[in-house]
There are 2 protein chains.
Amino acid sequence: MPSKVSSSSKDGNSPKISEATVSRLPAYYRALSQLADAAQVRVSSEELAALTGVSSAMLRKDLSHLGSYGTRGVGYEVEFLRYQISREMGLNNDWSVVIVGVGNLGRALAHYGGFGSRGFRVVALVDADQTLIGTKVKCGAEGKTVELLVHALSDLEDVIKETNARLGVVATPAESAQVVSDRLVKAGIRSILNFAPVHLSVPEGVDVRKVDLASELQILAFHEQRKAV
Amino acid sequence: MPSKVSSSSKDGNSPKISEATVSRLPAYYRALSQLADAAQVRVSSEELAALTGVSSAMLRKDLSHLGSYGTRGVGYEVEFLRYQISREMGLNNDWSVVIVGVGNLGRALAHYGGFGSRGFRVVALVDADQTLIGTKVKCGAEGKTVELLVHALSDLEDVIKETNARLGVVATPAESAQVVSDRLVKAGIRSILNFAPVHLSVPEGVDVRKVDLASELQILAFHEQRKAV
DNA sequence: ACACATTTGTGCAAAAAAGCACAAATCCTC
DNA sequence: GAGGATTTGTGCTTTTTTGCACAAATGTGT
Ligand SMILES: NC(=O)c1ccc[n+]([C@@H]2O[C@H](COP(=O)([O-])OP(=O)(O)OC[C@H]3O[C@@H](n4cnc5c(N)ncnc54)[C@H](O)[C@@H]3O)[C@@H](O)[C@H]2O)c1
Ligand SMILES: NC(=O)c1ccc[n+]([C@@H]2O[C@H](COP(=O)([O-])OP(=O)(O)OC[C@H]3O[C@@H](n4cnc5c(N)ncnc54)[C@H](O)[C@@H]3O)[C@@H](O)[C@H]2O)c1
């Protein structure tokens, strides 16, 4: 897994769903959404597993941690199961996202339309580049396009407070990532998605997930190298 | 972990490095490069572990799978260890990458300069959009900028043959991803990095790593939701 | 109402990964 | 060159994750 949650264990009373399971729930959700779009009513563990690339046994065990939402001899109701996963994952809530670093990647993320359909909304863009600050960037894809102003890094705390952002995306160069992360945390952000290829140190209670594209290619290269000549 | 290798186990005679270890090697490599840039000669497992966010014991065990490259009581030589990792991972070779889908994300990847410094070179861009085909896209960042022509999807096989590309990146919409993947495989590609939020079915021997940005946000949201109110 | 075909949910076993602790190796000082 | 301070490499333990197999539950057909 090219990325891991770092800190935070957090358990109050919830039955504790394993990290491995959590990391697969989004794929199930996505597949169920697809089936729902195709107006399919029911799905078996076998079918859903094939769609998501896991074994049917693993799928069933994963789902069993959420509750007993299937019917033996029949399968799962697509819409019902989809709803249960979305509820468990908090996708009903509206998640506000602030993106710091509006370069190649930050802009691509802002333009992307696929987040909105899943409860995520980019509400603020922040950069340190004077030539970018004050410019407008189109956010979201067809239909729901919004123009967002690029804010100055110095306004980070205010922007977060005003927009109530709870998720932070770091898309700055590696050198600035730790500083940006520190400021995000200080401003109250406790969930960070980091694209900079550095490890971010954050206090207990803050989650960081790292997406490292270069690492992914390197891992592929490693295996490629080992394949028969 | 936002991504996993799907198929391929592959073992000829190599001592078999665990998948978990392989997934961490790029981070070690990156940190060592940083230290080398800062002209640091030696590093302890403790220090390197802190830089990469793992425990020192895990780091040592990971490295021990490559060989015994440290010196007890002293630590590791930065340059030497870096070289050993790069050799093990095949980063000395030059890896040619073809990107299919030159939209928001594909373009951001093409523009990105960080790949070149690690043995990866984007050698071809392919898209299905008639208005894009034939246009030129700047590839790589400052210094080593190259303009690449966007090729037609119908030329995919030829382009791969001519450029000798061995790594394929799928950055098309989800609907097209499986078709594109099939064609990449048929053209001889056996390592694919997939950004489309769908599971790709590939034959035995082909590796797919999936990077699903929306999933990452969802996983963060899941944990965020569980944090104290 | 009963036998039979399906498909889930789950206890248990196996495998993989992470963590611990310490002996072995090296360096430094005197 | 002996003793003490470090720091690696690794056997062993614990935890996490995956896989297997089957009983329990449901639907169907007669
Ligand atoms: N573009 C890619 O395909 C790609 C691939 C792999 C990794 N990455 C990583 O993602 C990150 C962003 O990549 P990119 O290609 O968008 O880079 P980029 O240089 O295009 O954009 C970086 C942006 O961050 C801004 N910035 C710099 N310092 C800042 C600070 N302290 N606060 C706020 N903003 C700041 C810059 O002004 C710039 O707009 C980098 O860390 C890069 O290594 C990118
Ligand atoms: N942009 C993001 O930040 C982001 C985030 C998460 C996921 N993704 C995923 O990454 C993929 C690409 O995203 P994007 O934002 O770049 O989309 P995009 O629509 O901007 O670009 C997609 C490109 O693929 C091309 N294309 C379509 N069908 C094709 C085919 N059969 N063969 C070759 N090219 C084809 C299109 O012409 C277009 O240029 C999508 O699957 C998207 O869900 C993107």
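Bear in mind the structure is a predicted one, so any value in this text is a computation, not a measurement. In what follows, every heavy atom counts, from backbone to side chain, and hydrogens, waters and symmetry copies are set aside.
Checking C:dA18, D:dA21, D:dG9 against the side-chain heavy atoms of A:Ala57 singles out D:dA21 as nearest. In the set D:dG27, D:dG19, C:dA17, the nucleotide with an atom closest to the side chain of B:Glu19 is C:dA17. Checking D:dT18, C:dA18, D:dG9 against every side-chain atom of B:Met58, the shortest atom distance belongs to C:dA18.
For B:Gln178, the side chain to side chain donor-acceptor pair (under 3.5 Å) criterion is met by B:Asp182, not counting sequence neighbours.
In this structure, A:Leu63 CG and A:Arg24 CZ are separated by 10.0 Å, a value rounded to the nearest 0.5 Å.
For the pair A:Lys61 and A:Arg72, both in contact range of DNA chain C, the more 5′-proximal nearest nucleotide belongs to A:Arg72. Toward the 5' end of DNA chain C, the nearer of the two residues B:Gly73 and A:Gly75, judged by each one's closest nucleotide, is A:Gly75.
Side-chain N/O atoms of A:Tyr69 include none lying less than 4.0 angstrom from OP1 or OP2 on C:dT7. At the phosphate of C:dT6, neither OP1 nor OP2 sits under 4.0 Å from any side-chain N or O atom of A:Tyr76. Side-chain nitrogen and oxygen atoms of A:Arg60 include none within less than 4.0 Å of the OP1 or OP2 phosphate oxygen of D:dC22. OP1 or OP2 of C:dT8 has not a single side-chain nitrogen or oxygen of A:Thr71 nearer than 4.0 Å.
Residues from residues 27-53 of chain A lying near DNA chain C, meaning a heavy-atom separation below 4.0 Å, are A:Ser44, A:Ser45 in numerical order.
The residues A:Arg60 and A:Glu46 are annotated as not salt-bridged, no charged nitrogen and carboxylate oxygen being separated by less than 4.0 angstrom. Comment: B:Asp207 engages A:Lys227 in a salt bridge, judged by a side-chain N to carboxylate O separation of less than 4.0 angstrom.
When rounded to the nearest whole Å, the span between CG of A:Leu81 and P of C:dT7 equals 16 Å. Taking atom CZ on A:Phe80 and atom C1' on C:dT8, their separation rounds to 15 Å, with Å as the unit. Here the C1' atom of nucleotide D:dC20 and the CG atom of A:Leu59 are 16 Å apart, to the nearest Å. Atoms CD (A:Glu77) and P (C:dT8) sit 12 Å apart, rounded to a whole Å. Atom pair B:Asp62:CG and C:dA17:C1' shows a separation of 10 Å (rounding to whole Å applied).
If you check every strand for non-hydrogen atoms under 4.0 Å, A:Ser18 touches sugar and phosphate atoms only.
Two residues are said to be in side-chain contact when any heavy atoms from C-beta on lie closer than 4.5 Å; B:Tyr112 and B:Val122 fail this criterion. Annotation: side chain of A:Glu79 is in contact with side chain of A:Arg82 (closest heavy-atom distance under 4.5 Å).
Of the options B:Arg190, B:Arg209, B:Glu19, a side-chain hydrogen bond (donor to acceptor under 3.5 Å, both in side chains) to A:His223 is made by B:Glu19 and by none of the others.
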